[in-house]
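Structure record follows, encoded as structure tokens.
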Amino acid sequence: MIRSVIRGIGSYLPDEVITNADLAKVVDTSDDWIRERTGITQRYRAAPGQMTSDLATEAARRAIDNAGFDPDTIDLIVLSTSTPDYTFPATATTVQANLGITGGAAFDVQAVCTGFVYALAIADNFIKAGTHSRVLVIGAETYSRILDWNDRNTCVLFGDGAGAVVLEAEQGDGTIADRGILATRLRSDGRHKSRLYVDGGPSSTQTVGHLRMEGNQVFKLAVGMVPQVLHEILDDNNVPMSDIDWFVPHQANKRIIDATEQKLGIGPEKVVLTVDLHANTSSASIPLALDVAVKDGRIKPGHLVLLEAMGGGFTWGAALVRW
Ligand code: UT7
């Protein structure tokens, strides 16, 4: 059976750090409130003129370097973003050009905060179909561009950044002992659209719009739906929770992560947490967190890693990966 093995990983954060204290000068909020309700202490913001494709390109370069591959051998780029450079072309094709890649294909995926899990599942299926063998999967966002900086309910929660992995086809035995992406589960339910959305777009308002969210409703739904899909992916693959080495959730709110971890009974020592330093970077949050845990030596080859995300749409999903 063909497996998609992660050969390289990289990430990029812009230079500017915005602390909670910085935000308290702009809206009626406080460091205490943001820390207590979300676990966030700071976030990064892209410089004027620095686009999602710029963040994505840097993360991709680092991932390709980490894999030791010639960029030209990448035959597919799947980029997840809700903050593309332009309505079209796809940000993925700009990244492709920035990397000097002229062959293969490149496209964007839109699944908001679940985007990286969607992109990973899509890439895995292309590899398993045998049509592509080296796939770059990127999550990149500049949410600072779609935030309403007068709305304290949302502007304190998000940050900019990008993360990427390089997948390569490898023959596996078809068992859970294989390296690579072992399983993915994708879900969506469009009925919850009004709880988390951007109030603009080319076909509706012809504007970019701002992010709007009923935070506490999203919180409740996240804590309900995410553990369900996680139990499903583990049960379907006969993997007991105790076999999981690392749990790398979407980084939206430390309280959501704590509640999920408790519902799963996975143990806080196995949870990779970066929401404190990165805030919610939407589809970049998982590859950013993975990169931190790989570079600091926590995630090692052979480890079993459980990923999950949930976001606008609603979309949610999970992936089981042997590093
Ligand atoms: O990435 C995928 C999707 N996004 C998420 O997963 C986010 C999910 N939601 C959350 O993380 C949380 O619901 C929030 C962090 C957004 C809010 O936390 P909460 O504990 O659910 O608070 P709340 O919305 O119920 O608001 C509590 C109070 C309100 O005041 P009143 O009505 O009780 O007087 C808000 O106006 O906190 C107030 N508030 C703030 N106060 C200070 C809301 N934002 C702020 C703020 N600073 N930044």
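In listed order, ligands and their atoms are each counted from 1. Note that this is a predicted model, so its numbers are computed, not measured. Heavy atoms only: backbone and side chains are in, while hydrogens, waters and symmetry mates are out.
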Check this for me: does any side-chain nitrogen of one of [X] and [Y] sit under 4.0 Å from a carboxylate oxygen of the other?
X	Y	value
D173	R3	no
D199	R212	yes
D32	R35	no
E170	R7	yes

Residue pairs passing the ring-ring contact (aromatic ring centres under 6.0 Å, His included) test with at least one member in residues 144-165, sequence neighbours excluded, are Y143-F158
message: Apply side-chain hydrogen bond (donor to acceptor under 3.5 Å, both in side chains) to residues T81 and E141 and explain how you reach the verdict.
response: CA-CA 6 Å; T81 189; E141 305 282 6; 3.2 Å; yes
Pocket residues around ligand 1 (non-hydrogen, under 4.0 Å) come out as D28, T29, W33, R37, T38, C113, R152, N153, V156, L157, L196, M213, G215, N216, V218, F219, H250, A252, N253, R255, I256, N280, M310
